[in-house]
Amino acid sequence: MKKIKIDFILNGVKITDEVPANITLSEYLRDYLKLTGTKEGCSKGECGACTVIIDDKIFDSCLILIPEVDGKDITTIEGISKDDLTPLQNSLIEEGAFQCGFCASGMVMSLTNLLSKNEKPSLEEIRESISGNLCRCTGYKKIIDAVIKLTKAII
Amino acid sequence: MREFEYYKVKNLKEAINLSKKFGKNKRFLAGGTDLIVRLKDNLIKEENIIDIKNIEELKGIKEVEDEIHIGSLVTFSEIIESDILKKYSPLIVEASKKVGSPQIRNKGTIGGNICNASPAGDSIPPLFCEDAKFFLESTNGSRIVNIEDFFKGPGKTILKEDEILVKIILKKWKENEFGFFNKLGQRNALTIAIASSCIKIKKSDGKIEDIKISLGSVSPTVIRAKKVENILRGLKEYKKDEIIKICDEVKEEIDPITDVRGSREYRIEVSKYLVFEALNNLLNIRG
Amino acid sequence: MIKKIDISKALKLNGVVAVLTYNDIPGLNGFGIAIQDQPVLCYDKVRYIGDAVALVACETKELLDKAIDLIEVEYEPLPVVEDPLKALEKDSPKVHENGNIHLHTKIDKGDIEKGFKEADLIIENEYRTGRQEHAYLETESGFAFYDEDEDLLTIFCGGQYPFRDQIQIARVLAIDPRKIRIIDEPMGGGFGGKDEITTQIHLALLAYHTKRLVKMEIERDESIVFSWKKHPMILRYKTGVKKDGTLTSNEIYIYADTGAYASLGGPIVNLAVEHSCGPYRVPNTHIEGFCIYTNNGVSGAFRGFGVNQVTFAMESQMDEIAEKLNMDPVLLRRKNILKKGDETGIGSKIETSIGLKKILDEIEKHPLYKDREKNKIDSSEYKKYGVGIAISYQGTGLGVGLPDYGACWIEMRRDGGFNVYSGSVEIGQQMKTTLKLIALEALKISDEDKVFIITGDTSITPDCGTTTASGATYRSRRAIEIASKKMIDILKKEVNEIFNIPTDEIKIEDGIFKNLNDEKITTYEDLAEILYDKRRLPKTEGHFNFPTSKTKIPGAFGLPHYIFSFSGAIALVEVNILTGKTNLIKAVNLIDGGRVINKIGFEGQSEGGIVMGMGYALMEDVIIKNGEFLVKNFSTYLIPTSMDSPYQIETIPIESFEELGPYGSKGIGETTMVPIAPAITNAIFNATGKRIKQTPATPERVFFALHKLPEK
Ligand SMILES: Cc1cc2nc3c(=O)[nH]c(=O)nc-3n(C[C@H](O)[C@H](O)[C@H](O)COP(=O)(O)OP(=O)(O)OC[C@H]3O[C@@H](n4cnc5c(N)ncnc54)[C@H](O)[C@@H]3O)c2cc1C
Ligand code: FES
Ligand code: FES
């Protein structure tokens, strides 16, 4: 199998590499770059634990073949903020939004993306924005509440 | 994931020439939300993957006189956000909202949904109601086919080996047209339809002048319920019991399977109510 | 039946490091928490599709599939045992040589015939429950390595009881358990599913054989197939009741499908038996529980531990009784609830605190229940709304005769803070936060940075029992409390020696020692510095045995429990009567788990329990046909998404004080989920007049219960 050249931006850093085409972005992040903040819960697009932001949209990185990222601008949980946690992350912590935390990085990516487009999302918009992110421990309520508190949205 | 050779093509010509070269031994990669899952499940035998995502000719939603042309690479998210479609073809917008999750809608394309030819493909029932036409291109040139001639069975279409779906052509909606898309799933997001129904109605003087009904997940392909359409056409009075009886005729037109999402019996019985529910949203049905 | 295993081709493949079969197991080829009936690697028979036959280690992940394809196993097909009821028949093929009944528990109390004679109404039903998968978001995984110099095998893995894993591994490898170190965290969700061994033994075997670092990840499709499920049960209930609502008699048969191996099937069925009459006084009972082997995957520990199933059945019975007697469902329950000193369905006395009355009071005055008829008036023609309630109880701790203890070590640090070592593990239930809060309070300081909690490592923490049965917090809490008290005593003594103030005149407020006049003597920080110089930083230990009942029930190992948590739920559902699709719109969880220590954690457990209970009620089921899994990934095994889960969730703590615990708190992890499913199905009845007797109440089941549109 031919290796494929890829060239893309990851968390603000330019990456150039040659890789086999049959690995996914999530595998590349975790196994090649050791960026293990992105999780894999199903590998089939069903759980959203592997969510990343590419060019301002969210994607399941387990359903992206690595050659597809050529030329893209990708943000993972590691790149969401430089030093401190973001206000969203702080709000999630304050609310006690997560339990085991396995879904957390995917949730943070989806919600960050939502807030970047919509400063005052409605309850329905918040629910909708994480409808591709499964959480088994919580009832989603505290995750949603963290966003409501942060945006002071009136429900 | 199994090994394969990956090719990225820049234009339509390159895509069809390459696919001519590989014949059966290739797959196009659009959004990949079907293909990559199947690659992981080891269900793909073809050894060459042609990534068509960079082909400009397959992108965009355009108004062309009284038609709308949707490029096959248009994603569900683009459909949902399209002002043109919201105005002139809202059914496909409604159906696209029901697909998977935000992540899937950002990646999955309408072309992939059509060419994957699942009877549960959510974009397909509205396209049946719109009498959509598909613009196909191969090394032999281009052709336009009617949606009703396109699907041959689950996962089967009339696409030739080197043929690619370029765009979908719809007629703009007129003023007196209304529609409803109804998807029944086991849950409210990230769910494949147990069954779905889609209806487009043209009303004049309180009468059903024209009606198109399509159903998903209840036959080897999405189908039109023409018998039911024929009975309803021209109807003026909308009495509940009568309409349910008419909807019951849909049983004659479907041939569902049993799977983990629902039994054949359930799909047969619930189909009539899905059609009824859609009608109930469009007409003023009285008890 | 395995005829032949040929690994020679796989071994020849470049990049294959090891292929192990049963021949390579030095010790016992078996594991299981209760009995070791599950082979580590199969040698004679494969009893379910998730059984392991060979273990392969390769240099790269990509090579594994190829290597596995090269392993040739010749099987002779055996008949499949699928239906647990048929498995009980004499001529059924046997899953294990000793037959298909792993356990049969029978309990009689009073005289059921007399009870039925006294009854004015007898309700008889059969219920069935689904095969729920834990669906923890992180699948089982881990890594292991063997240090030859130290002769030490280290295994990192997400598990619930590192010390038991250690023993199970030692048996298989036939080595001294002290040569095995287990580090059991962090982990992405457990819910009981990681209580049994998952990857630990296989990792250990490979690391031991190859002397290399080995990593193992179970993919979702594999995880659903191989891992333990909630026992599907068939429940036959015959309940007698007087006109005034007094229960007289209960005849109950419980058939649990434990799958191919026992795991914790025995204790689970016993717990089901114990809780089968609900938190009610039933004078006459006959209860039989069967734990039955089949070839349907494996069942094991799961949040609720057998209580979900029987509560669904009993609370459905109660709902039907209320309807038939035309009696308010709260009133009916009030008549029968257990009070302190009453006997449970199996005849053991409840001697600890009971919050049931308070729970019913709260239900009764809650607007969702009180105004339930108003909610129905809002119903549209094809969408019906209904409100349902259910109450339940759940024994915490493992029960009589089972080792159940907690232990903790505390050491003072030089900076005046404390390291607290506990054997409990963080499995996503915010255990560490809770333990920290307990330690802060017990050690009389408020600065969170001053207490560091260390858990889940066999080599540096004490054995603290398993993190299950909702009792882990309780056990650890007691141990911490004891060790803290010792610590405080030592510190006071030191202050007494150094400052010459009698110990009973020293008090501690937020890390500051004060005399009776509220004057500062010294602080933890300063004292620690002094003690450090003297090389006398203190260390203490706390040990605690979980209180168990003094009575034993003959023939029912582990029964009865001593401390119980109680809960109630109110559910508002919307049923689409055209399609059968049901949505949970609002839910209220009322929980008596004693005093609430970690409010956020408490609500989190409750909200998670509601949504998991809703999944159990409405959509979750692993369907197995002829031994084959028809559901094996998240596209067919559906758990609730954010669009299915109600945002309107309320958690009401009912704090009945448990005087046995210094902090008056009991376990809640499980009981939060238990009443949800029956509250939902009772709400479906309230909405539609149709009772769902099989979970999950899928659109199809509800649809066929409704059959057709009501005639007008
Ligand atoms: C988690 C998840 C949830 C999903 N939920 C839904 C849902 O709710 N409803 C639904 O309908 N679907 C759903 N799907 C299926 C899938 O997302 C859709 O079918 C999607 O539209 C496929 O588009 P794609 O661009 O990703 O297709 P791809 O995977 O790229 O392609 C699919 C097939 O079509 C062929 N193909 C693609 N484009 C062309 C073209 N232009 N010409 C010729 N052949 C072509 C490919 O070779 C391939 O064989 C889901 C999938 C996942 C993973
Ligand atoms: S791991 Fe990508 S969606 Fe589950
Ligand atoms: S917190 Fe465990 S999956 Fe979300």
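Below, chains carry the letters A, B, ... as their sequence lines are ordered, and counting in each starts from 1.
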Worksheet entry | No-hydrogen, no-angle side-chain donor-acceptor test under 3.5 Å, B:E277 and C:Y382 |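 No.
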Worksheet item: Can B:E47 and B:N25 be counted as having a side-chain donor-acceptor contact under 3.5 angstrom?
Response: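 Per modelled atom types, B:E47 and B:N25 side chains form a pair under 3.5 Å.
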Worksheet entry | Ring centre gap for C:F191 and C:F302 strictly below 6.0 Å | no
Worksheet entry | Between C:F629 and C:F226, ring centroids under 6.0 Å |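 No; C:F226 has its ring centre 6.0 Å or more from that of C:F629.
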Worksheet item: Closest approach of B:L282 and B:F178, non-hydrogen atoms and distance?
Response: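 Looking at all heavy atoms of both residues, the closest pair is CD2-CB, 3.9 Å.
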Side chain from CB out, backbone as N, CA, C, O: work out which of these in [X] comes under 4.5 Å of a heavy atom of chain B, or both, or neither.
| X | result |
| --- | --- |
| C:D221 | side chain |
| C:N576 | side chain |
| C:E62 | neither |
| C:L630 | both |
| C:N583 | side chain |

Worksheet item: Quick one: of C:L638, C:T698, C:I623, who has the most non-hydrogen atom pairs under 4.5 Å with chain B?
Response: C:L638
Response to the item:
Heaviest contributor of heavy-atom pairs below 4.5 Å to chain B, chosen from C:I639, C:T641, C:D644, is C:D644
Discussion item. Both conditions, 6.0 Å and 45 degrees, for the charged tip of C:K230 above the ring of C:Y616: are they met here?
Written reply: yes
For [X], is it the side chain, the backbone, both or neither that has a heavy atom under 4.5 Å from a heavy atom of chain C?
| X | value |
| --- | --- |
| B:D41 | side chain |
| B:D259 | neither |
| B:S263 | both |
| B:L274 | side chain |

Worksheet item: Is it true that C:E628 and C:K625 make a salt bridge, defined as a side-chain N closer than 4.0 Å to a carboxylate O?
Response: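 Salt bridge absent between C:E628 and C:K625.
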Item to complete: Identify whether the distance between the nearest side-chain nitrogen and carboxylate oxygen of C:R128 and C:E126 falls below 4.0 Å.
Response: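 Looking at C:R128 and C:E126, the cut-off is met.
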